[in-house]
There are 2 protein chains.
Amino acid sequence: MALPETRSEQLARALEDDICAGRALPGMRLDEQVLAQRFGTSRTPVREALKMLAAQGFVEIRPRQGAVVVGLDVRQVLELFEIMAVLEGLCARLAARRMTPAERADLLAVHAECQRLAVAGDPDVYYAMNTRFHEVIYAGSHNRQLEEETRRVRNRLSPYRRNQLHQLGRVAKSVQEHDDVVRALLEGDPDRAETLMRRHIGIQGDSLSDFVSNMSTPQAAPQTPPQAALAGALGRPTMAR
Amino acid sequence: MALPETRSEQLARALEDDICAGRALPGMRLDEQVLAQRFGTSRTPVREALKMLAAQGFVEIRPRQGAVVVGLDVRQVLELFEIMAVLEGLCARLAARRMTPAERADLLAVHAECQRLAVAGDPDVYYAMNTRFHEVIYAGSHNRQLEEETRRVRNRLSPYRRNQLHQLGRVAKSVQEHDDVVRALLEGDPDRAETLMRRHIGIQGDSLSDFVSNMSTPQAAPQTPPQAALAGALGRPTMAR
DNA sequence: AGTGAACTCCATGCATGCAAGAAGCGCCAT
DNA sequence: ATGGCGCTTCTTGCATGCATGGAGTTCACT
């Protein structure tokens, strides 16, 4: 069943990918014509793709003013981390009860790989495997809706997480937290698995918040329009509450 | 700031509303031309609206085959309830710590109104106030992202929840559960508030699951193209907004 | 009669055209 | 020089046109 993908879907995926991978920075203007030319189509599928991304919160479309990559301020990022924590926590809870033996084996394998890469020391390589680790747990929840939802929030946060692991010692701590989670999962302890996972994600939020309040602005580097980006990029340490 | 709303956004909201209110049933075909005529526009904004709804999971667009209102099977509904439980639980947890005095007063007022309507006995009227009750707690979380996310999941579930409260005694139990939640919230006990709210939502899932396993299937035929029953439901000119 | 295939028709996907609104710019006045 | 104002231009939002592919129908064949 060769499901034929429409141009607009392809574009939506490509653009989402650009945003998640940090190739399209927050605040960057997404010009319909430019994109249309770049992808060799007309503006119509581009517009439809942008509408889809807007509906998912990746871009913002201001009427008559075009689309820009959504720039989250610190507060919004922390808000998303709060959501992320409970969603991943639920994944872990359900996974503790529902993972098949094969999935458990998978989890162990990926976790072992994480440990290996943690020692190896390249945060970016670890980052990729870390993603796979979490994906295994999403799948282990056997809740497809949850899986998608969690992945979506993760993707929305990804531009703001890339540098997380570059913090000194963060990789080592991360893999240790994984280890605790894995243990709870394999022992089939849903409560503990959920709690540990929530804490694991929560720590990332905290660590980000520290990071931000130390440096004023990390790397706000807008592409085409010289100033637009910074507004959204992590700027004011307006810590909520 | 009179933000000018585009046609496509209006359409998206109107259609989402139709779906949530049960005027557009799962499986129903959404014909671009018909909608365009009904709303007095061309197909373009209709298409963009459908793309947005598709991105949010309200409709499914099969290439070259048009858009249909997504029909969730029992399993998917239960999956969404699992998500809903933790999201609402988080709302309650955060609200317990963050609600302002004014918001607490609001909560009490709405809760009192719920109690009154519960005795009055009309489930549909109670349903509306019940929604407001939960909305107050969403807002009390002081987490905008969470608020939107929770509302989105709630909306996706709404076609499947409308009849929930018609179950015998469900309204009374619901309001009792609310009462417990309110107490925890006002006492500022985040853990208890979260736990109670999770249970409150979880019960709805269970109750639905009972309901479904008793009766064969609620209403529409989901996956297999159920033909154009649409003319009837969407035929009302009351759709415009 | 049942099955299968080709044909027709039509909805969708995409391209293009056009009008309205916003951003940028230059001119004038203070 | 600076601030305000009108104009130009460009982009977006929407309408329309056209080609593709699917679904239903009809007809031939077994």
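Hydrogens, waters and symmetry mates are skipped; everything else that's a heavy atom, side chains included, is used. All figures in this text were calculated on a predicted structure; none of them were measured in a lab.
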Sub-3.5 Å pairs of nitrogen or oxygen atoms, protein against nucleotides 6-9 of chain D:
none

Treating [X] as the side-chain partner and [Y] as the backbone partner, does any N or O pair qualify as donor plus acceptor under 3.5 Å?
X: B:R152; Y: B:Q56; answer: yes
X: A:T131; Y: A:Y127; answer: yes
X: B:E16; Y: B:F58; answer: no
X: B:E79; Y: A:Q145; answer: yes
X: B:Q76; Y: B:D73; answer: yes

Review point. Which residues pass the side-chain contact (heavy atoms from CB on, under 4.5 Å) test with A:D17, sequence neighbours left out?
Key: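 By the side-chain contact (heavy atoms from CB on, under 4.5 Å) rule, A:D17 matches A:R23.
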Could you give the side-chain donor-acceptor pairs of residues 34-43 of chain A under 3.5 Å, partners two or more places apart or in another chain?
residue: A:S42; atom: OG; partner: A:T44; partner atom: N; Å: 3.3
residue: A:R43; atom: NE; partner: A:E32; partner atom: OE1; Å: 3.0
residue: A:R43; atom: NH2; partner: A:E32; partner atom: OE1; Å: 3.1

Review point. Going by atom types alone, do B:Y138 and B:E148 pair a side-chain donor with an acceptor below 3.5 Å?
Key: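 B:Y138 vs B:E148: no donor-acceptor pair found between side chains.
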Review point. What pairs with A:H134 under ring-ring contact (aromatic ring centres under 6.0 Å, His included), at least two apart in sequence or on another chain?
Key: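 With sequence neighbours excluded, A:H134 shows a ring-ring contact (aromatic ring centres under 6.0 Å, His included) to A:H178, A:H200, given in chain and number order.
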List, with names and distances, any nitrogen or oxygen atoms from the protein found under 3.5 Å away from nitrogen or oxygen atoms belonging to nucleotides 7-9 of chain C.
none

Point to revise | Trace of the salt bridge (charged side-chain N to carboxylate O under 4.0 Å, His left out) decision for A:E48 with B:R47 | key: CA-CA 8 Å; A:E48 293 180 351; B:R47 286 179 57 79; 2.9 Å; yes
Practice item. Quick one, give me the B/S/- string for nucleotides 11-20 of chain D, reading 5' to 3', where B means a protein heavy atom under 4.0 Å from the base and S means that only happens at the primed atoms, P, OP1 or OP2. Key: SBBSBBB--B
